[in-house]
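Read the numbers this way: they start at 1 and go in the same order the structure lists the ligands and their atoms.
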Amino acid sequence: MRWALIGASRIASGYVIDAIRAQEGAEIQSVLSSDAERGAVFARDNAIPESFTDLEAQLADETVDAVYISTTNEKHHSQALAAIAAGKHVLCEKPLAMTLSDAVEMVEAARNNAVTFATNHHLRNAGSHLAIRDLISSGRIGKVLSARVFHAVHLPEHLRGWRINDASAGGGVIPDITVHDADTIRFHLAEDPVDVVAKAGTSGMGEGVEDSVMSVWSMPSGAMIQTHESFTHAFAGTGIEFHGTDGSIFARNVMTQEPVGEIRLVDTNGETQISFETHNLYHRALGLFCGAVRGTGSPSADGIDGIKSLAVAHAVREAAQSGSTVRVDYGGF
Ligand code: NDP
């Protein structure tokens, strides 16, 4: 399977190039950058044969089967539509697009052109989250009453830029992190938030976009979800908790790109440490994507998952701006 990278990004160089190359028979043929020099340096540094500044020229390579889109968020929509029209399978970064209707258009275009389309929500690939989901789905904590997501991190200097100062590129903690938490809650509970309330603001980093948000979501089952996402918390650590009628799950340091963390189950038997697999999250995501392209199985997060996580994030932002309860609009999905 031959790949083209759309975007000379840090997530590509830091995680996804390695994950693509970990798949049997996978090769990366080219990278697209808006800046010829950055593209050439990125290609050289990552041993990629070609770099392009023109997407049409890159996509004209008929030997390329799939693209990975990891540009800033406002570019995902047009780049995905072009790749789909060229018959390429698409792994797209989150958030899929700036608007829900754009995300829906991308997913429908992929369907109509019979190409595989997936969203790169990495957390559901973590051994920790797979173990938590198994605990919940096997009934170990009974009926889930509530969950809390602790995802307040300290954004390192090199990742700031557009994330903290450019709303037009999709900056802000809600499109950056709340989408992941929406996907993770949906993954664990197999249901979609109905409505949300939220407060957002800046706490030292955001320049024109929010850098912190807290929200509460209602689930169809009656479970209540509390979330906290931030770019400014140097010492908070991350985690997720699920509280049920028969037990509670406490997971720490699991809202991360690395296969780390710890999980405790507390119930009438006392406290149990839960072990989990420590495979690379992105290797698993790419493995499932390549399997889906070959016709065996599904991507770990597909296009509809990407639409739904974006829908929740938009509802959270609207709720924070309006001060009202906002019903989540899933665009018909
Ligand atoms: P980067 O800022 O590294 O890259 C985004 C774009 O910025 C690139 O496409 C590139 O443009 C440009 N760029 C990169 N490096 C520089 C530089 N040194 N100077 C100027 N411009 C530069 O973003 P991320 O990799 O952090 O994020 C990219 C996408 O991936 C986003 O959609 C984000 O939400 C998502 N993401 C997902 C993660 C996940 O785990 N699923 C984790 C991190 C990000 P060009 O291509 O034109 O050269």
Side-chain angles (χ1 to χ4, degrees), residues 4-20 28 30-46 48 50-55 58 67-80 83 90-98 102-103 106 118-126 129 151 153 155-184 187 209 229 231 238 254-259 280-286 288-289 299-301 305-306 309-310 313:
L5 307 183
I6 299 180
S9 68
R10 291 174 182 87
I11 181 66
S13 57
Y15 291 91
V16 177
I17 289 174
D18 164 64
I20 291 173
I28 301 172
S30 63
V31 60
L32 180 89
S33 170
S34 57
D35 181 291
E37 194 181 333
R38 186 166 61 241
V41 169
F42 188 96
R44 186 199 64 208
D45 290 351
N46 292 285
I48 295 170
E50 291 179 283
S51 64
F52 289 88
T53 53
D54 179 44
L55 180 60
Q58 184 188 34
V67 301
Y68 167 57
I69 300 176
S70 64
T71 45
T72 45
N73 305 337
E74 87 287 8
K75 294 182 178 163
H76 296 175
H77 171 248
S78 61
Q79 291 171 335
V90 175
L91 173 62
C92 187
E93 269 306 341
K94 47 48 69 172
L96 283 188
M98 300 289 281
D102 280 358
M106 291 154 72
T119 312
N120 198 27
H121 278 306
H122 60 289
L123 289 169
R124 55 166 73 206
N125 293 285
H129 286 284
H151 207 157
V153 299
L155 197 64
E157 185 88 43
H158 67 276
L159 290 183
R160 293 181 194 169
W162 61 271
R163 271 191 178 78
I164 61 163
N165 65 18
D166 193 352
S168 67
V173 78
I174 296 173
D176 202 51
I177 304 185
T178 307
V179 283
H180 280 311
D181 295 343
D183 184 65
T184 305
F187 175 68
V209 296
E229 294 90 17
F231 288 151
T238 70
V254 294
M255 308 305 287
T256 167
Q257 296 170 291
E258 308 305 329
N280 180 301
L281 284 61
Y282 296 89
H283 286 202
R284 182 176 185 276
L286 265 293
L288 290 172
F289 181 86
S300 67
D305 294 315
S309 63
L310 181 65

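Atoms of ligand 1 found under 4.0 Å from any heavy atom of Q257 (numbered from 1 in listed order, with element): 40 (O), 42 (C). For ligand 1, the atoms lying closer than 4.0 Å to a non-hydrogen atom of H76 are 32 (O). For ligand 1, the atoms closer than 4.0 angstrom to any heavy atom of T71 are 9 (O), 28 (C), 29 (C), 31 (C), 32 (O). Shown in contact with L32 at under 4.0 Å from a heavy atom are these atoms of ligand 1, numbered in order with element: 46 (O). Near Y282, with a cut-off below 4.0 Å to any heavy atom, the atoms of ligand 1 are 39 (C), 40 (O). Remark: ligand 1 atoms within the under-4.0 Å shell around heavy atoms of S34 are 45 (P), 47 (O), 48 (O).
At least one N or O atom of N120, backbone or side chain, sits closer than 3.5 Å to an N or O atom of ligand 1. Considering backbone and side-chain atoms together, W162 places an N or O closer than 3.5 Å to an N or O of ligand 1. Polar contact with ligand 1: present for I11 (N/O pair, distance under 3.5 Å). At a 3.5 angstrom cut-off on N or O pairs, Y68 does not count as close to ligand 1. When only interatomic distances are considered, the shortest N/O to N/O separation between A12 and ligand 1 does not fall below 3.5 Å.
Within the 4.5 Å cutoff, the side chain of V90 has heavy atoms near those of the I69 side chain. Counting only heavy atoms from C-beta outward, the side chains of L281 and P259 approach each other to under 4.5 Å.
Not close to ligand 1: Y15, with no non-hydrogen atom less than 4.0 angstrom away. Residue-ligand proximity: S70 is placed with a non-hydrogen atom under 4.0 Å from ligand 1.
Ranking protein heavy atoms by distance to atom 31 (C) of ligand 1, first place goes to N73 OD1, 3.4 Å. Here the heavy atom of the protein found nearest to atom 43 (C) of ligand 1 is R163 NH2, 3.5 Å. The single protein non-hydrogen atom nearest to atom 48 (O) of ligand 1 is S33 OG, 2.5 Å, given as residue, atom name and distance. Nearest non-hydrogen protein atom to atom 8 (C) of ligand 1 is A8 O, 3.7 Å. The protein atom (non-hydrogen) at minimum distance from atom 5 (C) of ligand 1 is T72 CG2, 3.9 Å. Regarding atom 19 (N) of ligand 1, its nearest protein heavy-atom neighbour is R38 NH1, 3.8 Å. E93 OE1, 2.9 Å is the protein heavy atom nearest to atom 37 (C) of ligand 1. Nearest protein heavy-atom contact of atom 15 (N) of ligand 1 is R10 NH1, 3.6 Å.
Side-chain atoms of R124 come within 3.5 Å of backbone N or O of S300 as a donor-acceptor pair. Counting only distance, with no hydrogens or angles, the side chain of H121 and the backbone of T184 share no donor-acceptor pair below 3.5 Å. Between the side chain of Q58 and the backbone N or O of L5 there is at least one donor-acceptor pair closer than 3.5 Å. A distance-only check finds a donor-acceptor pair linking the side chain of N73 to the backbone of G170 [under 3.5 Å]. A distance-only check finds a donor-acceptor pair linking the side chain of S33 to the backbone of D35 [under 3.5 Å]. A donor-acceptor pair is defined here as one N or O able to donate and one able to accept, closer than 3.5 Å; no such pair exists between the side chain of T178 and the backbone of P175.
In this structure, a donor-acceptor pair under 3.5 Å is present between the side chains of E74 and T72. No hydrogens or angles considered: a donor-acceptor pair under 3.5 Å links the side chains of H283 and D18.
Between D183 and K94 there is no salt bridge, since no side-chain nitrogen of the basic residue lies less than 4.0 Å from a carboxylate oxygen of the acidic one.
Between H122 and Y282, the distance from one ring center to the other falls under 6.0 angstrom. For H180 and H151, the distance between ring centers is not under 6.0 angstrom.
Ranked by closest heavy atom to atom 33 (C) of ligand 1, the top entry among E74, H180, K94 is K94.
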